[in-house]
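Let me begin by presenting the structure, written as structure tokens, before commenting on it.
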Amino acid sequence: MSQELSEQEEQRRQTLEKIRQLGVEPYPAEEFFVSHLAETLKKEFVENQEVQIAGRMMSQRIMGKASFAELQDSSGRIQLYFNRDELCPGEDKMLYNEVFKKLLDLGDFIGVVGRMFKTQVGEISVNVASFKLLSKSLKPLPLPKIDAEGYTHDAFTDAELRYRQRYVDLVVNPKVKETFIKRSLIFTLMRKALERQGFLEVETPILQAIPGGAAARPFITHHNALDIPLYLRIANELYLKRLIVGGFDGVFEFAKDFRNEGMDRTHNPEFTMMELYVAYKDYRWMMGFTEQLLQEIVLGVCEKTELLVGDQIISFKAPFRRVTMRQAILENTGFDIADKTENQLRDMCIDLNIEVQPSMGAGKLIDEIFSEKCEGNYINPTFITDYPLEMSPLCKRHREDPSLTERFELIVDGKEIANSYSELNDPIDQRERFEAQLRLTERGDDEAMLIDQDFLRSLEYGMPPTSGIGIGMDRLVMLLTNNHSIQEVLFFPQMRPEKTVSLSELDKLILNMCSENPQALSELRTKADCSNKQWDLSLKHLSKNQLVLIYKQEEGVFIKKF
RNA sequence: GAUUCCGUAGCUCAGCUGGUAGAGCAAUACACUUUUAAUGUAUGGGCCCUGGGUUCGAAUCCCAGCGGAAUCACCA
């Protein structure tokens with residue numbers, strides 16, 4: 001697909017040619033030895049030290065026989081000083097006059113050998129003795145500039161462009177890079193903490209025949225050889241529990257899960273969840289473990305337990321507050337949900353102006369009340385505990401109240417960050433709960449769970465008492481990096497595909513002659529003044545890009561706009 | 001899915017109640033040996049998101065579509 005080139009892109013291609021004509025390879029193969037990173041050189045300045053550095057040239061200030069440029073590597077930027085007569089000591093000033101001044105463009109990768117010095121203004125710089133083009137850039141980058149007062153001008157801010165072309169975003173917006181470095185650090189810290197406990201990192205299937213472990217709509221795909229539908233996992237819970245049955249004491253997985261639901265600033269179709277299962281523990285133990293884990297991670301990432309999210313200060317200092325679901329609803333609405341029937345709960349929802357559907361059971365109704373009226377009010381980390389039985393089909397009954405379960409969710413900044421159970425290990429109870437879910441499906445709840453027979457079989461062999469937790473990693477990263485949209489913490493958030501249809505003149509001509517009303521193809525052919533070959537090509541192009549529809553009927557072949 | 005806002009040069013944006021497309025940065029050319037949002041002079045660069053309509057005339061008004069953002073709904 002040949003896209004029209006802008007003037008600057010044409011110029012850069014011409015420059016590329018000139019470089020080749022000079023005998024310089026714009027994409028050399030060999031290694032360029034790098035001795036230092038920009039940031040280290042600035043932090044540990046040693047006058048006259050010889051260094052070799054590489055990166056993108058991000059600015060150029062040419063002043064006749066001397067010039068300054070900025071080199072950006074993975075660590076940051078450092079200034080380069082090019083002096084014509086030092087760079088080209090002999091008669092031939094080509095390298096400076098031609099290659100550096102004219103043939104290098106902003107964004108090009110160069111490697112530089114030189115010595116450290118400070119300019120008169122005190123800026124740490126590299127006095128370049130020689131340089132080498134490492135890779136030519138053919139597209140101009142957006143070039144935000146920071147002025148003396150620290151204000152950024154011409155910042156590359158268009159969210160659509162930033163997400164679609166994250167590589168550009170990363171080159172040009174250092175804050176974005178920071179976010180992703182922090183993301184990685186969060187994963188590393190969590191992994192280390194889990195390994196320190198002796199837990200085993202495992203991998204379980206992403207393609208599942210029965211999508212279980214959560215209430216959500218799955219993506220469906222198809223396996224050709226087996227000729228069966230397969231689902232992208234919505235959770236890995238049931239597999240991790242099988243491993244506990246198999247005799248591991250603690251297993252965890254950083255799992256990409258997939259849910260075929262709406263997209264907005266807190267939901268991406270694929271997201272990352274850390275799930276952990278520990279044998280012989282209960283949800284109370286897990287609360288203690290979780291608050292220690294999070295406190296440790298927050299300390300590691302932010303160097304303190306308090307952090308600014310939006311305009312609120314959130315403290316991750318353990319212990320976190322613990323509130324039962326019943327208390328939470330009582331606190332926030334004045335209603336007591338204890339011992340209420342489904343109908344009473346439904347009336348309660350109506351009183352609270354919460355929309356209800358006939359498919360909703362008692363559990364779902366309580367969940368609605370909580371998420372509508374309570375969840376948003378818990379800003380500091382809070383464990384909400386003891387959820388109603390019906391909405392927690394994989395969770396053990398509460399040891400004191402059989403209508404409740406031993407479950408908690410961790411709410412921070414009004415949003416769920418983690419969900420945890422004393423896992424249900426009674427196979428008969430588990431089968432009944434699945435069957436209850438099945439009845440919900442029949443009532444029209446398309447998220448209720450299917451019965452995973454093999455999982456039940458594994459429970460029948462016996463699973464030790466186990467506590468499990470799932471932590472929404474993307475949301476955790478959002479919190480710890482103070483980003484309020486999930487797209488900002490995913491390198492490549494899901495976007496609608498770009499329409500990259502480029503049409504030839506003839507394509508456009510034919511397209512303009514078509515309308516939503518079908519017309520005979522032969523009629524159109526006579527109007528279009530072109531060769532048969534061009535005609536054929538254009539039609540194929542247009543129909544391939546779903547711009548026109550060509551179809552056959554008894555009366556002949558017809559064409560219409562899609 | 002609903003509502004609101006947005007789509008103009010490589011980037012950031014201006015362009016009023018319709019009348020020949022603008023600025024800064026970037027680009028090109030020239031000058032300039034410690035500058036730093038370097039500077040000075042000159043020059044080039046636009047399917048004004050797409051398709052219809054109204055009009056003598058549309059970047060501008062109307063309709064539809066595409067893409068994005070925000071809010072809500074759905075949803076962990």
Side-chain angles (χ1 to χ4, degrees), chain A residues 4-12 14-15 59-70 77 79-87 96 101-102 105-107 117-123 125 127 137-164 168 172 214-217 234-235 257 259-269 271 273 355 357 367-368 371 375 391 409 411 415-419 446-447 470 472 474-475 484-487 495-499 501-503 505 508 511-512 514-516 547 561-562:
Chain A
E4 295 262 319
L5 293 177
S6 70
E7 186 192 34
Q8 291 189 47
E9 288 173 301
E10 283 293 1
Q11 278 166 359
R12 287 192 179 208
Q14 283 164 17
T15 314
S59 73
Q60 232 183 351
R61 292 183 288 279
I62 297 175
M63 296 168 303
K65 299 185 189 72
S67 304
F68 290 94
E70 269 181 303
R77 289 189 184 191
Q79 181 169 269
L80 306 178
Y81 175 68
F82 291 81
N83 183 298
R84 189 191 69 185
D85 298 326
E86 289 179 48
L87 197 64
Y96 180 78
K101 276 167 69 175
K102 300 210 173 144
D105 288 305
L106 300 187
F117 80 111
K118 274 189 191 170
T119 62
Q120 287 176 359
V121 199
E123 173 105 8
S125 313
N127 189 352
S137 159
L138 293 182
K139 270 177 150 354
L141 288 162
L143 287 169
K145 294 205 164 181
I146 299 167
D147 67 16
E149 281 85 48
Y151 293 109
T152 306
H153 300 261
D154 301 336
F156 182 53
T157 52
D158 185 311
E160 179 184 359
L161 280 173
R162 288 206 302 115
Y163 301 156
R164 286 194 194 277
V168 175
V172 141
R217 277 191 292 265
I234 54 175
D257 289 334
R259 299 189 182 176
N260 202 344
E261 283 156 0
M263 287 161 55
D264 58 35
R265 70 175 199 288
T266 54
H267 298 266
N268 193 64
F271 61 101
M273 182 111 99
E355 228 179 287
Q357 253 128 53
D367 188 36
E368 283 297 314
S371 35
E375 193 171 50
M391 53 190 284
E409 285 193 358
I411 312 289
K415 293 175 208 88
E416 179 205 339
I417 291 295
N419 184 12
D446 55 1
E447 293 179 347
D474 305 303
R475 293 194 184 169
H484 68 289
S485 110
I486 196 171
Q487 285 77 21
M495 304 281 281
R496 277 202 169 73
E498 269 180 283
K499 278 228 164 125
V501 188
S502 77
L503 299 177
E505 286 308 309
K508 287 180 201 165
L511 190 63
N512 285 338
C514 298
S515 70
E516 273 75 29
L547 292 166
K561 252 189 195 162
F562 227 91

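When side chains are defined from C-beta on, Gln79(A) counts as touching Arg61(A), because their heavy atoms get closer than 4.5 Å. The shortest distance between side-chain heavy atoms of Arg259(A) and Phe271(A) falls below 4.5 Å. By the 4.5 Å heavy-atom criterion applied to side chains, Ser371(A) and Glu416(A) are not counted as neighbours.
Listed candidates were U35(B), A76(B), A26(B). Nearest to the side chain of Phe68(A) is U35(B).
C48(B) and A31(B) are spaced 37 Å apart, taking the P atom of each and rounding to whole Å. Separating the P atom of A26(B) from that of A37(B) is a span of 12 Å, rounded to the nearest Å. With C1' as the reference atom, G7(B) and U60(B) are 14 Å apart, rounded to whole Å. C25(B) and G18(B) have their P atoms separated by 33 Å, with the value rounded to a whole Å.
Counting any heavy atom pair closer than 4.0 Å across all strands shown, Arg12(A) reaches no nucleic acid atom. Base engagement by Phe117(A) is indicated by at least one non-hydrogen atom pair under 4.0 Å involving a base atom. Contacts of Asp264(A) with the nucleic acid, taken as non-hydrogen atoms under 4.0 Å apart, include base atoms. If you check every strand for non-hydrogen atoms under 4.0 Å, Lys101(A) touches nothing.
The distance from atom CD of Glu70(A) to atom C1' of U35(B) is 11 Å, rounded to the nearest whole Å. Protein atom CG of Asp105(A) is 13 Å distant from nucleotide atom P of A26(B), rounded to whole Å. In this structure, CG of Asp154(A) is placed 13 Å from C1' of A14(B), rounded to the nearest angstrom. Going from atom CG of Leu161(A) over to atom P of G67(B) covers 15 Å, rounded to whole Å. Rounding to whole angstrom units, CD1 of residue Ile62(A) and C1' of C30(B) are separated by 12 Å. In this structure, Glu160(A) places its CD atom 12 Å from P of C11(B), rounding to the nearest Å. With rounding to whole Å, Lys65(A) atom NZ is found 7 Å from U33(B) atom C1'. The distance between atom CD of Glu10(A) and atom C1' of G45(B), rounded to the nearest whole Å, is 12 Å.
Nucleotide U20(B) has no partner under the Watson-Crick or G-U criteria, as no pair reaches both atom distances under 3.5 Å. Checking U50(B) for Watson-Crick or G-U wobble geometry (two distances, each under 3.5 Å) identifies A64(B) as its partner. Across every strand in view, A29(B) sits in a pair with U41(B) that passes the Watson-Crick or G-U test at under 3.5 angstrom. With a cut-off of 3.5 Å on both Watson-Crick or G-U wobble distances, the partner of G57(B) is given as none. For A69(B), the paired base is U4(B) (Watson-Crick or G-U wobble, both distances below 3.5 Å).
A salt bridge does not link Glu375(A) to Lys415(A): none of the charged nitrogens lies less than 4.0 Å from a carboxylate oxygen.
The base of A76(B) is paired with the side chain of Glu375(A) by a donor and an acceptor separated by under 3.5 Å. A donor-acceptor contact under 3.5 Å is formed by the side chain of His267(A) with the base of C75(B). With hydrogens and angles ignored, a donor-acceptor pair under 3.5 angstrom links the side chain of Glu409(A) to the base of A76(B).
Atom NE2 of His484(A) has 12 or fewer neighbouring heavy atoms from other residues, nucleotides or ligands inside a 6.0 Å radius.
Stacking of the aromatic ring of His153(A) onto the base of A37(B) is found: the ring centres lie under 5.5 Å apart and the planes are inclined by under 30°.
Two residues, Arg61(A) and Ala159(A), neighbour RNA chain B, and the one matched to the more 5' nucleotide by heavy-atom proximity is Arg61(A). Residue whose closest nucleotide on RNA chain B sits further toward the 5' end, between Arg259(A) and Arg265(A): Arg265(A).
Checked by atom type and distance alone, the side chain of Glu261(A) pairs as donor or acceptor with a backbone atom of Arg217(A) at under 3.5 Å.
Taken from CG in Asn268(A) to CD in Gln487(A), the straight-line distance is 6.0 Å, to the nearest 0.5 Å.
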